[in-house]
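What follows is one structure encoded as structure tokens, with my remarks underneath.
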2 protein chains.
Amino acid sequence: MVLTIGEMGKATNTKIETIRYYERIGLLPRPARKTNNYRDYGQAELGRLSFIRRARDLGFSLDQVRALLGLSDDRSCDCAGIDRIAKEHLQEVDRKIADLQALRRELKGVIDSCDGGTVAQCRIIDALGPVRMD
Amino acid sequence: MVLTIGEMGKATNTKIETIRYYERIGLLPRPARKTNNYRDYGQAELGRLSFIRRARDLGFSLDQVRALLGLSDDRSCDCAGIDRIAKEHLQEVDRKIADLQALRRELKGVIDSCDGGTVAQCRIIDALGPVRMD
DNA sequence: CTTGACCCTGTAGTTGCTACAGGGACCATA
DNA sequence: TATGGTCCCTGTAGCAACTACAGGGTCAAG
């Protein structure tokens, strides 16, 4: 035995039911079974599950996660398609990084003004405010 | 009139139904109504909605968004509470930035190897792989 | 005065989990 | 060897966060 479903869950902070759900919808492969019918996972599945969970945590939908996993799974070297998908996701990733950095600045501001005991006007909403169209 | 619900939706890439949903659960205030009963929004609501949408896109739950908005709404200067919440979110934001930067590197790698036409092994999964516990 | 694009209030459906219910497997120990 | 605790199994039903649609009113343009 390498990994039980419970160990997978602990390692990736995922509920057992969620892992079975990912299997049902085809995001995780059906694992080998032990003689007692328990699921039997290896390091590859652990990596895949970790990727899914962290990508989900970053706000990607399951369909987007499927596409990202496809980049990894695809052995056909359909470079045009892969390139397009990767570039779309790269754009989105860059946007998210910028948003998070803006949010980070504002959180820092809140924390610093709290430390100083000042009644600073909180501008946290402005960090992720609407795009100005002058 | 300042903004209709449809204009709010376009400006923040949000479905009209979703805006009404946020109002129903109390994330957005009940806006003023015009004589014809149409919702009538101002810049403040637009900013708030933009914040909600972008925070959601970054993987924060509605409850977390509520807490972040609370940092902005709170005029009580309960600095201890605000400080704690802000610090928790700052930690999470930093983790997400790190994950996105790792994912970014791997996407760049995929794109570059596609450009070069090489059949590079795709390690995109490894970017968000499990935490090593040697 | 009608046609199309908006808005209104419902309610029901979808996605992505999450929580049981009901049952079997395994293992320590009394 | 029996009994308790902790795992695992397959369902199915519920919850969060939307999303779509039905049935209807508003309004500017032609």
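By convention in this document, chain letters (A, B, ...) are assigned in the order of the sequence lines, proteins followed by strands, and residues within each chain are numbered from 1. Note: hydrogens, waters and symmetry copies are ignored here, and every other heavy atom, side chains too, is used. The model shown is predicted, which means the values in this text are computed figures rather than measured ones.
The nearest whole Å value for the distance from the CD1 atom in B:I5 to the P atom in D:dT19 is 14 Å. The CG-C1' distance, from B:D57 to D:dC18, rounds to 14 Å in whole Å. Computed from coordinates, the A:Y41 OH to D:dC9 C1' distance equals 12 Å when rounded to whole Å. Distance, B:K10 NZ to C:dC6 C1': 9 Å, rounded to whole Å. Whole-Å rounding puts the B:Y38 OH to C:dC8 P distance at 7 Å. Atom CE in B:M8 sits about 11 Å away from atom P in C:dC7, given to the nearest Å. Taking atom CZ on A:R30 and atom C1' on D:dC9, their separation rounds to 15 Å, with Å as the unit. Counting to the nearest Å, the C1' atom of D:dC9 and the CG atom of A:N36 are 10 Å from each other.
Every pair tested for ring-ring contact (aromatic ring centres under 6.0 Å, His included) that includes a residue from residues 13-34 of chain A fails, sequence neighbours excluded, so the list is empty. Pairs engaging residues 44-58 of chain B under the salt bridge (Lys or Arg N to Asp or Glu O under 4.0 Å) rule: A:R95-B:D57, A:K96-B:D57, A:D99-B:R54, B:R48-B:D73 [sequence neighbours left out].
For B:F60, the ring-ring contact (aromatic ring centres under 6.0 Å, His included) partners two or more places apart in sequence, or in a different chain, are B:H89. With sequence neighbours left out, A:R33 forms a side chain to side chain contact (heavy atoms under 4.5 Å, CB included) with A:E23, A:N37, A:R39. Scanning for side chain to side chain contact (heavy atoms under 4.5 Å, CB included) contacts around A:K15 gives A:E17, A:T18, with sequence neighbours left out.
A side chain to side chain contact (heavy atoms under 4.5 Å, CB included) with A:Y41 holds for exactly one of A:L49, A:L46, A:I5; it is A:I5.
Under 4.0 angstrom from either OP1 or OP2 of C:dC6 there lies no side-chain N or O belonging to B:T4.
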How does each nucleotide of nucleotides 9-22 of chain C score, in 5' to 3' order, for protein heavy atoms under 4.0 Å: base (B), sugar-phosphate only (S), or none (-)? B------BBBBB--

